[in-house]
Amino acid sequence: MAINDDMHSTQKPAARRRASFFDRETIRLFVVGYAVSALAFTAIVLALTSFWAERELQELKVQEQAKVAKTASILGYRFDMIASDLLTLANVPTMRALAADSGEIALERAANLFSTISREKGIYHKISYLDANGVEVIRVDQRGGLPVEVPVEHLQNKGGQYFVQAALRLERGEIYVSPLDLNVENGQIERPYNPTIRFGTPIFGPSGERRGIMMLNLHGQSMIDRFRELMADDYSQAMLLSSGGDWLASPDPAHSWEFMLRRPGAFAQRHPQAWQAINGRESGQWMNAEAGLFTYSTLHPGRATEPGGKRRGEAQDGAGNEHFWKVVSLVPAAALPSAAIGADELTRTVYLAGLALLLVLAAYVAHAVVTQRRLRHAIERSNRRHREITQHLGEGLIVLDRDARVVEANPEAERLLGRSRREMLGLGAAELFRPPGAEPEPAAPHPIQAVAATGRRYRSEDETFRRKDGTAFPVGVTAAPLASDGAPIGAVVSFRDMTDIKAYQEEIRRLAYHDPLTDLPNRRLLLELIRQALKEAERKQAKVGLMFLDLDHFKHVNDVYGHDGGDELLKGVAQRLRQAVRAVDTVSRQGGDEFVILLPGIDDADSAVTVARKILESLQAPLPVLDQLLPVKVSIGIALFPDHGGDVDTLMTLADTAMYEAKQGGRNRYCLAGTAPGTL
């Protein structure tokens with residue numbers, strides 16, 4: 001009994017101690033303490049996750065907006081360059097001559113011009129000229145990288161196509177840009193698929209009547225490939241949408257061209273809320289918890305403008321509605337930064353396992369830092385990728401902040417402006433882009449400077465920039481605004497040196513007015529010079545002489561020595577004619593072996609006869625042709641203003657008649673209209 005009593009007495013205190021740990025007050029304190037600690041820990045975790053998620057989301061938004069704006073700007077600049085090509089080509093003398101007279105020679109010259117442009121540019125699937133009914137007159141296709149003129153029997157009637165009808169309705173100088181769709185030949189979609197964009201402008205005859213249209217078919221795949229290259233990164237999906245909400249370029253290739261193949265499944269049907277937001281504004285961002293973050297900007301292919309803001313025309317679809325492109329990037333919801341505690345397994349495990357606030361908090365901070373670092377690394381990789389793209393761009397690229405000061409510049413901008421990136425950082429747009437001779441602080445802001453403040457896009461093909469050494473050079477420039485939440489925060493300025501393009505255009509104009517063999521003025525330029533000389537002579541009561549020259553027996557030279565020998569002889573004759581006349585006189589080649597000389601401001605008929613005798617004397621010495629000396633004989637006809645006629649046509653007819661009288665008189669002679677031929 002004693003033993004049992006002792007055992008009982010030793011067990012009671014231990015039981016009381018265990019019960020005291022689980023009494024009501026202890027439980028209440030534990031519950032309150034745990035609840036307060038859990039709430040405090042949860043509040044801290046939620047605050048940190050929300051902070052880092054919001055910060056990462058803002059960085060992501062800015063990055064996506066800059067990428068989309070840059071892509072839209074570069075694609076828009078390419079549209080402007082193609083529009084410039086079309087207008088230049090439509091206004092060259094070859095096309096004007098074709099509109100006035102579609103004879104065999106004019107058709108051949110136009111076909112040669114189309115082949116040259118196709119070969120040099122390499123981006124046009126077709127270059128064609130259609131008459132006022134939409135029937136192809138000339139078409140040059142690019143096959144295997146080479147231009148191929150389509151035979152007459154294979155030319156098509158495109159009069160029923162919407163893009164032909166739209167282009168025929170335009171006024172002079174306006175341009176039609178078609179939607180991007182698949183090329184259709186003879187009523188069937190061409191296979192393999194050939195995405196095409198058509199640029200058209202009307203051609204007018206001498207009397208202002210519509211004679212046809214000039215059409216360039218651009219390889220649309222080149223635009224799509226360029227779009228994918230500019231938009232590529234590790235975490236977002238790139239989409240190019242039409243104004244109807246269809247995919248032109250989709251992350252899933254199976255979705256592209258569904259609208260051409262009459263299959264349902266357009267972007268607008270799959271994402272109706274996103275399309276409603278994107279279609280309602282020019283640019284911006286829209287986020288949905290299910291889909292993710294959409295960033296978009298609008299590209300209007302048809303709103304190419306000339307200096308001064310004149311509209312060139314509008315891009316329309318087959319129903320006559322203006323069409324546009326939407327450049328869109330989508331960061332899926334799964335890739336967006338998340339503020340949820342259970343967003344990833346590590347955070348969830350640490351949060352549920354730890355009741356010690358400092359341990360859980362430290363683990364979460366470590367996880368948050370790692371998550372932020374991973375996203376930053378992804379953004380840095382994307383930035384490096386886009387920097388590599390901009391560093392190899394053929395255009396200069398400068399980024400301005402809200403105050404129009406430089407915050408970034410690529411190597412091409414450094415090369416073109418002759419300034420290092422460090423020198424340009426912080427410079428204002430007015431100082432960097434002002435034209436030569438402008439005041440350091442002009443009263444009115446530079447148009448590029450205004451883009452950063454107003455958010456309105458600016459484009460020009462006729463800007464002049466100045467290098468650091470003061471030299472000026474022509475540029476084509478596009479300035480696109482950067483915006484955040486609808487407010488402008490800066491601008492992206494892209495530009496390229498137009499020196500070679502301007503020189504190319506000037507060379508085209510020069511070739512239009514000069515003979516390609518002798519470099520002498522051709523008939524077009526001569527007629528303008530004669531009209532000017534007659535007006536000047538009438539004002540000063542002076543005389544003007546007009547001489548027609550024709551080489552005697554030139555056909556014999558071609559028959560014996562071939563066309564190479566004939567060409568060499570013609571160039572030699574042209575050189576001696578220039579040496580035999582005054583500096584103010586004009587020697588012109590009209591074609592074949594015919595030359596015309598304009599003698600402005602002469603005193604009388606004897607002065608013209610003196611020039612004719614001097615020409616005969618200059619040609620007495622044989623000319624070297626293919627290592628042989630050939631004698632040259634020429635017949636000359638002369639007419640005077642106002643003695644023989646008061647207008648261009650009369651003078652040219654009389655001079656031509658006098659030249660034939662000189663030939664009939666024995667050749668190697670001159671003949672003044674109304675007199676007998678004379679010789680040395």
Side-chain angles (χ1 to χ4, degrees), residues 52-76 223-242 245-256 265-268 270-279 281-299 325-340 343-344 371-390 393 397 399 408 480 482-485 489-490 492:
W52 290 116
E54 181 62 24
R55 180 174 178 178
E56 294 166 3
L57 182 61
Q58 292 304 319
E59 291 180 358
L60 187 63
K61 285 183 175 181
V62 172
Q63 172 67 26
E64 288 299 290
Q65 198 167 44
K67 176 180 69 176
V68 169
K70 178 187 70 176
T71 301
S73 175
I74 292 175
L75 293 180
M223 279 286 190
I224 295 175
D225 292 343
R226 184 61 168 154
F227 163 81
R228 293 188 187 280
E229 178 184 3
L230 292 168
M231 294 287 288
D233 56 35
D234 298 334
Y235 53 88
S236 67
Q237 300 174 5
M239 292 175 264
L240 188 62
L241 307 179
S242 71
D246 295 303
W247 271 295
L248 301 177
S250 167
D252 185 356
H255 294 328
S256 300
F267 175 88
R270 295 173 187 251
H271 304 279
Q273 292 180 334
W275 174 244
Q276 184 178 4
I278 291 171
N279 194 36
R281 295 178 57 188
E282 286 289 301
S283 61
Q285 291 178 317
W286 184 82
M287 189 162 63
N288 178 275
E290 296 178 359
L293 174 65
F294 291 88
T295 305
Y296 58 92
S297 182
T298 306
L299 175 62
W325 292 0
K326 291 288 186 179
V327 178
V328 182
S329 76
L330 168 62
V331 181
L336 290 175
S338 174
D344 62 272
T371 303
Q372 181 194 19
R373 184 179 300 162
R374 287 174 180 172
L375 180 59
R376 183 176 292 112
H377 286 170
I379 295 175
E380 288 175 354
R381 285 196 301 271
S382 178
N383 287 337
R384 284 196 300 270
R385 183 181 185 88
H386 290 294
R387 274 198 298 271
E388 292 173 358
I389 293 175
T390 57
L393 280 176
L397 196 68
V399 181
E408 190 55 71
L482 289 176
S484 177
D485 296 330
I489 61 173
V492 178

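FYI, side chains are in, hydrogens and waters are out, and symmetry mates aren't considered; it's all heavy atoms of this structure. By convention here, the first residue in the shown sequence is residue 1. Computed from a predicted model, the values in this text were never measured in an experiment.
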- For Thr298, check side-chain hydrogen bond (donor to acceptor under 3.5 Å, both in side chains) against everything at least two apart and list the hits. Lys326

- Note on the structure: Residue set satisfying side-chain hydrogen bond (donor to acceptor under 3.5 Å, both in side chains) with Asn279, at least two apart, ordered chain then number -> none

- Side-chain contact test, heavy atoms from C-beta onward, threshold under 4.5 Å: evaluate it for Leu240 versus Val327 and give yes or no. yes

- Message: Show me the pairs that pass side chain to side chain donor-acceptor pair (under 3.5 Å) and involve residues 286-297, at least two apart or across chains.
- Response: Gln285-Thr295

- Message: With rounding to the nearest 0.5 angstrom, report the OG to CG distance, Ser329 to Leu293.
- Response: 6.5 Å

- Query: What residues, two or more places apart in sequence or in another chain, satisfy side-chain contact (heavy atoms from CB on, under 4.5 Å) together with Gln58?
  - Reply: Glu54, Lys61

- Nearest heavy-atom pair of Asp246 and Ala266: which atoms, and what distance? OD1-CB, 3.1 Å

- Task: Could you walk me through whether Phe227 and Leu248 pass side-chain contact (heavy atoms from CB on, under 4.5 Å), step by step?
- Result: CA-CA 11 Å; Phe227 163 81; Leu248 301 177; over 6 Å; no

- Compare all side-chain heavy atoms of Leu336 with those of Glu56 and state whether any distance is below 4.5 angstrom. no

- Item | side-chain contact (heavy atoms from CB on, under 4.5 Å) partners for Leu330, two or more places apart | Gln237, Met239, Phe294

- Item | Shortest non-hydrogen separation from Leu299 to Gly76 and the atoms involved | CD1-CA, 3.4 Å

- Message: If I take atom CG from residue Leu75 and atom CD1 from residue Ile224, how far apart are they, to the nearest 0.5 angstrom?
- Response: 10.5 Å

- Task: Could you tell me whether the side chain of Ile278 reaches within less than 4.5 Å of the side chain of His271, counting heavy atoms only?
- Result: no

- Could you walk me through whether Lys67 and Leu230 pass the side-chain contact (heavy atoms from CB on, under 4.5 Å) test, one step at a time? CA-CA 8 Å; Lys67 176 180 69 176; Leu230 292 168; over 6 Å; no

- Tell me, please, which residues at least two apart from Ala268 pass side-chain contact (heavy atoms from CB on, under 4.5 Å). Trp275

- With sequence neighbours excluded, what pairs up with Thr71 under the side-chain hydrogen bond (donor to acceptor under 3.5 Å, both in side chains) test? none

- Taking atom CD1 of Ile74 and atom CG of Leu397, what is their separation to the nearest 0.5 Å? 6.5 Å

- Audit row: Glu64, Asp233, side-chain contact (heavy atoms from CB on, under 4.5 Å) steps and yes/no: CA-CA 10 Å; Glu64 288 299 290; Asp233 56 35; 3.7 Å; yes

- Item | Pairing residues for Ile489 by the side-chain contact (heavy atoms from CB on, under 4.5 Å) criterion, not counting sequence neighbours | Arg402, Leu482, Ser484

